[in-house]
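One structure is given here, and the rest of the page talks about it.
We number each residue from 1, following the sequence as shown. Computed from a prediction, not measured in an experiment: that's the story for all the values here.
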Amino acid sequence: MDPLQTILWPIKWVIEAILVAFHTGLTAIGLDPSAGLTWVLSIVGLVLVVRAALIPIFVRQIKSQRRMLEVAPQLKKIQDKSKGKKDQFSREAMSRETMEMYKKTGTNPLSSCLPLLIQMPIFFSLFSVLQEANKGQQGVGLLEKSLSENFGKASLFGIAPLHESIQSALASNPVQTVVIVIAVFMVIVMTASQFITQLQIMSRNQSAEMKASPMFRQQRILLYILPLVFAFSGFAFPIGVMFYWLTSNIWTMVQQFLVIRNMPTPGSEAALAREARLAKRAQRKGIIEETPEGDTLVIEEPQKPQRQQPVGKNRAKKKSGNNKR
């Protein structure tokens, strides 16, 4: 076993366990165990488990991004001090001060890449599991030989084998046009979802200070480069692996939309939009009111009058007699 397979072995074992668990459950409710759709849904289930497990890391990523936003003005001051200085000493001093700033504030510029970096071994492990299943090899764990062969021969709708890629479909004789069409469509959707995810972060969830920083310019470059990288990479990946990738991208896009809507970066366009929504909601409830001058008045909700308790006749006469005295 080569070193890479040794590293991926425990990840592959977990992936096989999750796949087999979902496959068994879907078969139990009546789906065909040999159908490609059953295995695709098992892969989707794998994504849901993996991404749910990554939610704590995603929360840490958001907090780290918030801290990066807070230190952005200080980082800009450090860069402005070394502006125009290209000597080795100045570059080392800027790098040293920057690293000290990161250490002091507990920030990490690579934290935004952490969920993606964690997913890459899972991604390649699934690729390895699918490739071995295509050869009819037994898995390292619960994916026994019969299931492995089943997985390797499974086809989506009976026309697109999950182990095929654009590259292998073009090399086959005759060319598998259906596989190419499905794979190209998935690559387009994956690339678009990745682009939309990055675009909504940069266009709506960045403050003015962040947009003025060099980091924002680097992110703009990545905005156009990363989708192209994914598009070219999709040329060689099997359809089964691309389903993992596509589902994960859609999860990320929806997750980012919810985070930007409900927990936007302070000072960003999304934060202003959220404040406007909350103000309208409060105004509808009668909590605030705008004056003609544009100021906002806080109005307390009218309190309900207390219900007067009924008084019996004997108590009323007694009370009247006491008043006469």
Side-chain angles (χ1 to χ4, degrees), residues 2 4-5 8 11-12 15-16 18-20 22-23 26-27 31-47 50 116 119-140 143 145-197 224-253:
D2 60 84
L4 179 60
Q5 291 298 322
L8 295 180
I11 303 175
K12 289 169 64 176
I15 285 175
E16 290 181 12
I18 297 173
L19 279 173
V20 170
F22 275 102
H23 184 266
L26 292 169
T27 303
L31 294 184
D32 183 1
S34 302
L37 179 61
T38 307
W39 285 107
V40 166
L41 292 176
S42 300
I43 292 172
V44 172
L46 171 67
V47 175
V50 170
L116 179 62
Q119 281 196 89
M120 291 310 292
I122 301 171
F123 184 81
F124 285 114
S125 295
L126 178 61
F127 179 84
S128 178
V129 168
L130 186 56
Q131 290 295 89
E132 291 171 1
N134 182 38
K135 299 175 183 176
Q137 298 177 0
Q138 182 171 342
V140 299
L143 193 66
K145 189 173 177 62
S146 59
L147 273 177
S148 180
E149 292 174 351
N150 190 331
F151 188 22
K153 294 176 182 178
S155 297
L156 185 62
F157 308 123
I159 54 176
L162 297 183
H163 66 268
E164 292 286 356
S165 63
I166 297 176
Q167 185 178 12
S168 62
L170 288 171
S172 62
N173 190 16
V175 175
Q176 300 185 45
T177 308
V178 176
V179 173
I180 296 173
V181 170
I182 293 175
V184 168
F185 174 76
M186 291 179 66
V187 168
I188 292 172
V189 176
M190 286 190 304
T191 305
S193 60
Q194 177 68 29
F195 181 81
I196 292 170
T197 301
Y224 297 99
I225 291 179
L226 283 179
L228 292 177
V229 171
F230 290 148
F232 285 112
S233 301
F235 180 79
F237 286 121
I239 291 177
V241 176
M242 288 168 65
F243 267 107
Y244 176 92
W245 198 350
L246 175 60
T247 310
S248 183
N249 277 11
I250 293 173
W251 173 294
T252 302
M253 185 173 64

Could you check L156 against F243 for side-chain contact (heavy atoms from CB on, under 4.5 Å), going step by step and ending with a plain yes or no?
CA-CA 11 Å; L156 185 62; F243 267 107; 3.7 Å; yes
Tell me, with the steps shown, if V241 and W245 meet side-chain contact (heavy atoms from CB on, under 4.5 Å).
CA-CA 6 Å; V241 176; W245 198 350; 5.7 Å; no
Evaluate T191 against Q194 for side-chain contact (heavy atoms from CB on, under 4.5 Å), listing each step before the verdict.
CA-CA 5 Å; T191 305; Q194 177 68 29; 5.8 Å; no
Dump the intermediate steps for side-chain contact (heavy atoms from CB on, under 4.5 Å) on T247 and I43, then the final yes or no.
CA-CA 9 Å; T247 310; I43 292 172; 5.9 Å; no
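Judged purely by atom type and a 3.5 angstrom limit, H163 uses its side chain to pair as donor or acceptor with the backbone of G152. Side-chain N or O atoms of S193 include one that pairs as donor or acceptor with a backbone N or O of M190 at under 3.5 Å.
The nearest pair of heavy atoms linking I239 to I182 is CD1-CG2, 4.5 Å. Nearest heavy atom pair, residue L8 against residue P121, reads CD2-O, 3.8 Å. Shortest non-hydrogen contact noted between L162 and G36 is CD1-O, 4.0 Å. Among all heavy-atom pairs drawn from I122 and I15, the shortest one is O-CD1, 3.4 Å. The minimum heavy-atom distance linking L26 with S42 is given by the pair CD1-OG, 3.7 Å. A169 and I180 make their closest contact through CB-CG1, 3.7 Å (heavy atoms, listed as atom of the first residue, atom of the second, distance).
One distance of note links CG of L246 with CD1 of I250; it measures 4.0 Å at 0.5 Å rounding. Rounding to the nearest 0.5 Å places CG of L19 at 11.5 Å from CG of L41. Rounding to the nearest 0.5 angstrom, the gap separating the CG atom in L46 from the OH atom in Y244 is 6.0 Å. Here W39 contributes atom CH2 and N150 contributes atom CG; the two are 6.0 Å apart, rounded to the nearest 0.5 Å. From S148, atom OG reaches atom NZ of K153 across 10.0 Å, with rounding to the nearest 0.5 Å. L37 CG to D32 CG: the interatomic distance, rounded to the nearest 0.5 Å, is 9.5 Å.
S165 has its side chain out of reach of M242: every pair of non-hydrogen atoms, C-beta onward, lies at least 4.5 Å apart. When side chains are defined from C-beta on, I166 does not count as touching V179, because their heavy atoms never get closer than 4.5 Å. L143 has its side chain out of reach of Q138: every pair of non-hydrogen atoms, C-beta onward, lies at least 4.5 Å apart. Annotation: side chain of P33 is not in contact with side chain of T38 (no heavy-atom distance under 4.5 Å).
For the residue pair S128 / K12, a side-chain donor-acceptor distance below 3.5 Å is found, with atom types taken as modelled.
Annotation for F235: atom CZ counts as buried by contact number, over 12 foreign heavy atoms lying within 6.0 Å.
Ring planes of F127 and F237: perpendicular class, angle over 60° (limits at 30 and 60°).
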